[in-house]
Amino acid sequence: VQLQASGGGLVQPGGSLRLFCAAASGFTLSSYAIAWFRQAPGKPREGVSCIRSTDAGTNYVDSVKGRFTISRDNAKNTVYLQLNSLKSEDTAVYYCATDLQGTCGANWKYPGAFAIWGQGTQVTVSS
């Protein structure tokens, strides 16, 4: 099973980006909860958001609530993370991950709860 994150780039503070998490051929993302994590230089990887497969319910870390939106398009086998009102502290490598479960468990913010990861995409917020 392989995931691939894309869509990162350089953006000014206050700007927006849309990240994409796609799966390798033969793997159906719609069956599983998908989480987004990020890791800034010198900092631990942190959970940003998670979306369930069962009802597309979502979770967010407090620091991104109201600014980031996670969604999924099962027909395109893709999960998105819309990043709005970006701040310099959002600069990080962003990863998507799954634990092959349908729900975002109580430990969704913790990287150790996820076994399958994409390769990451760099988001840099700078003027």
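Residues Val61 and Phe68 form no side-chain contact, since every pair of their non-hydrogen atoms from C-beta on lies 4.5 Å or further apart. In this structure, Thr69 and Leu81 have side chains that are not in contact, with every pair of non-hydrogen atoms separated by 4.5 Å or more. In this structure, Thr98 and Leu3 have side chains that are in contact, with non-hydrogen atoms separated by less than 4.5 Å. The closest side-chain heavy-atom distance from Asn74 to Arg72 is below 4.5 Å. Residues Pro44 and Gln39 have side chains not in contact (no heavy-atom distance under 4.5 Å, counting atoms from C-beta outward). In this structure, the side chains of Leu19 and Val123 come closer than 4.5 Å at one or more pairs of heavy atoms. Asn77 has its side chain within reach of Thr28: a pair of non-hydrogen atoms, C-beta onward, lies under 4.5 Å apart.
Looking at Thr121, Ile34, Val48, Ile70 one by one, the single match for side chain to side chain contact (heavy atoms under 4.5 Å, CB included) with Cys96 turns out to be Ile34. Of the residues listed (Tyr94, Trp117, Tyr110), the one engaging Phe37 in a ring pair (Phe, Tyr, Trp, His ring centres under 6.0 Å) is Trp117, and it is the only one.
Counting only distance, with no hydrogens or angles, the side chain of Ser88 and the backbone of Val125 share no donor-acceptor pair below 3.5 Å. Remark: side-chain polar atoms of Thr103 are not paired, donor with acceptor, to backbone N or O of Gly105 under 3.5 angstrom. Using modelled atom types, one side-chain atom of Arg67 and one backbone atom of Ser85 make a donor-acceptor pair closer than 3.5 Å. In this structure, the side chain of Thr124 does not engage the main chain of Leu10 through any donor-acceptor pair within 3.5 Å. The closest donor-acceptor contact from the side chain of Gln119 to the backbone of Ala5 lies under 3.5 Å. The main-chain N or O of Ser49 is never found under 3.5 Å from a side-chain atom of Asn59 such that the two would form a donor-acceptor pair. Formation of a donor-acceptor pair under 3.5 Å by the Arg52 side chain with backbone atoms of Gln101 is not found in this model.
A salt bridge between Asp90 and Lys87 is absent, with no side-chain N of the basic residue lying under 4.0 Å from a carboxylate O of the acidic one. At a threshold of 4.0 Å, the pair Arg38-Glu46 counts as salt-bridged, since one of the basic side-chain nitrogens sits closer than that to a carboxylate oxygen.
Considering all non-hydrogen atoms of both residues, Ala113 and Asp99 come closest at O-CB, 3.3 Å. Between Ala92 and Ala40, the shortest heavy-atom distance links the atoms CB-N, 3.7 Å. Of all the heavy atoms in Trp108 and Gly47, the pair that sits closest is CZ3-C, 3.9 Å. The minimum heavy-atom distance linking Ser53 with Ser30 is given by the pair CB-O, 3.2 Å.
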Test side-chain contact (heavy atoms from CB on, under 4.5 Å) applied to Tyr60 and Thr58, step by step
CA-CA 7 Å; Tyr60 297 94; Thr58 58; 3.5 Å; yes
Checking Val79 against Ile51 for the side-chain contact (heavy atoms from CB on, under 4.5 Å) test, could you report, in this order, the C-alpha distance in whole Å, the side-chain angles of both residues, the deciding distance, and whether it holds?
CA-CA 9 Å; Val79 171; Ile51 186 166; 4.1 Å; yes
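One finds the CD atom of Gln82 at 5.5 Å from the OG atom of Ser16 (value rounded to the nearest 0.5 Å).
Grouping the Ile, Leu, Val, Met, Phe, Trp and Tyr side chains by contacts below 4.5 angstrom, directly or via other members, places Trp36 with Leu100.
For Phe20 and Tyr80, the ring centers are positioned less than 6.0 Å apart.
A cation-pi contact, defined as under 6.0 Å to the ring centre and within 45° of the axis, links Arg45 to Tyr95.
In this structure, a donor-acceptor pair under 3.5 Å is absent between the side chains of Asp73 and Thr78.
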